[in-house]
Amino acid sequence: MADDRPDDEGRDGGLFGNDPVATPGRRRKRQPASTTQRALGLLVRREHSRKELTRKLVTRGLDADEVKAAVEKLADAGWQDDTRFAEGLVRNRANSGYGPIHIRAELGTHGLDSDAIAAAVDSFEGDWLDNARDLVRRRYGDGAPDDLALRRKAADLLMRRGFPGDIVRSATRFDPDD
């Protein structure tokens, strides 16, 4: 019986990898990635601070001096930028319902100096009070300002999330004399 399949789909190779010319199972071995390539691979996925990027690469068994040189090279080329990282983190955390106190503390754990932290938090274009009110509304509904117990819960939530006291009072309409 004759095979009616076209040549590119038949037994002689083609789409199914049965090409008699190619040697199956013989792939070129990859060269191990350089320190710069591995750092760039991490930066392509998301922004990292210098401290975070260095820590990740060193914990993966790379030489600390090579890592520092690679991170410096990528920073000079514009691939790694602590300012860009900090501004992105502020936007992300603020949109997730965190306040400026929490965000400042988190930026501090990434090895940024106080000037860079202040500049990043100041660059936030949103309104912290609106963010706090929105968080209270999402969590507790529109009835939270009327119920004292819910207002206290909302105030506790906002404090845990890193909002300062004046914003907490405004967002929950909480008066200490209640």
Side-chain angles (χ1 to χ4, degrees), residues 8-9 13-139 157-164 167-168 171:
D8 63 341
E9 294 178 359
L15 296 178
F16 300 109
N18 297 330
D19 187 8
V21 177
T23 54
R26 293 191 33 125
R27 292 185 178 179
R28 282 190 298 168
K29 295 199 181 225
R30 281 191 193 179
Q31 293 290 332
S34 70
T35 305
T36 304
Q37 289 171 331
R38 291 182 74 174
L40 189 57
L42 291 171
L43 288 171
V44 168
R45 291 177 187 93
R46 72 168 178 87
E47 291 285 340
H48 289 75
S49 67
R50 281 182 190 233
K51 179 181 176 182
E52 179 183 25
L53 186 60
T54 302
R55 180 189 50 79
K56 279 187 173 185
L57 293 170
V58 169
T59 58
R60 292 178 181 181
L62 299 174
D63 181 52
D65 293 332
E66 288 180 22
V67 168
K68 287 179 184 174
V71 170
E72 186 66 35
K73 179 180 173 183
L74 290 172
D76 291 343
W79 286 95
Q80 191 284 325
D81 184 13
D82 278 343
T83 304
R84 189 173 59 224
F85 165 78
E87 289 172 356
L89 191 133
V90 168
R91 268 191 317 275
N92 183 299
R93 296 302 185 262
N95 290 335
S96 298
Y98 288 95
I101 297 170
H102 175 92
I103 294 170
R104 284 178 193 275
E106 186 174 350
L107 286 171
T109 65
H110 286 280
L112 301 175
D113 62 358
S114 59
D115 293 335
I117 293 171
V121 173
D122 291 343
S123 73
F124 177 62
E125 296 176 358
D127 184 16
W128 295 112
L129 180 58
D130 287 344
N131 281 8
R133 285 182 176 154
D134 184 51
L135 180 61
V136 169
R137 207 172 300 115
R138 283 185 286 140
R139 275 294 167 96
L157 170 71
L158 293 175
M159 295 298 278
R160 283 192 311 272
R161 288 289 187 108
F163 286 95
I167 289 178
V168 171

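When a residue number appears, it is its place in the shown sequence, counting from 1. Keep in mind the model is a prediction, meaning the values are calculated, not measured.
Between F124 and W128, the ring-plane angle classifies as tilted under the 30° and 60° cut-offs.
Contact record, A39 with L53: O-CD1, 4.0 Å, taken as the closest heavy-atom pair. In terms of heavy atoms, V121 sits closest to P100 at CG1-CB, 4.3 Å.
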Under the side-chain contact (heavy atoms from CB on, under 4.5 Å) criterion, do L57 and H48 qualify, and how do the steps go?
CA-CA 12 Å; L57 293 170; H48 289 75; over 6 Å; no
Give the intermediate values and the outcome of side-chain contact (heavy atoms from CB on, under 4.5 Å) for residues L135 and R138.
CA-CA 5 Å; L135 180 61; R138 283 185 286 140; 3.7 Å; yes
Given the rule in the side-chain contact (heavy atoms from CB on, under 4.5 Å) test, do Q80 and R50 qualify, once you have shown the distances and angles that lead to the verdict?
CA-CA 7 Å; Q80 191 284 325; R50 281 182 190 233; 3.2 Å; yes
Test side-chain contact (heavy atoms from CB on, under 4.5 Å) on L74 and T36 and set out the steps.
CA-CA 8 Å; L74 290 172; T36 304; 4.0 Å; yes
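The distance from atom CG of D82 to atom CG of D113, rounded to the nearest 0.5 Å, is 9.0 Å. Rounding to the nearest 0.5 Å gives a distance of 14.5 Å between CZ of R161 and CD1 of I167. Between atom CG of residue L112 and atom CZ of residue R104 there is a gap of 12.5 Å, rounded to the nearest 0.5 Å. Distance check, rounded to the nearest 0.5 Å: OG1 of T35 to CZ of R38 gives 7.5 Å. Between the CG atom in N95 and the CG atom in N131 there is a gap of 7.0 Å [rounded to 0.5 Å].
Applying the 6.0 Å contact sphere to CZ of R139 captures no more than 12 heavy atoms from other residues, nucleotides or ligands.
Taking K73 as the reference, nothing meets the side-chain hydrogen bond (donor to acceptor under 3.5 Å, both in side chains) condition, with sequence neighbours excluded. Shown here are the side-chain contact (heavy atoms from CB on, under 4.5 Å) partners of R91, two or more places apart in sequence or in another chain: E87. Applying the side-chain hydrogen bond (donor to acceptor under 3.5 Å, both in side chains) rule to T54 yields no partners; only residues at least two apart in sequence or on another chain are considered.
Inter-residue side-chain proximity for E52 and F85 is flagged as met; some heavy-atom pair is nearer than 4.5 Å. Side-chain contact between R160 and H102: absent, with no pair of heavy atoms (C-beta onward) separated by less than 4.5 Å. In this structure the side chain of L89 reaches within 4.5 angstrom of the side chain of L107, judged on heavy atoms.
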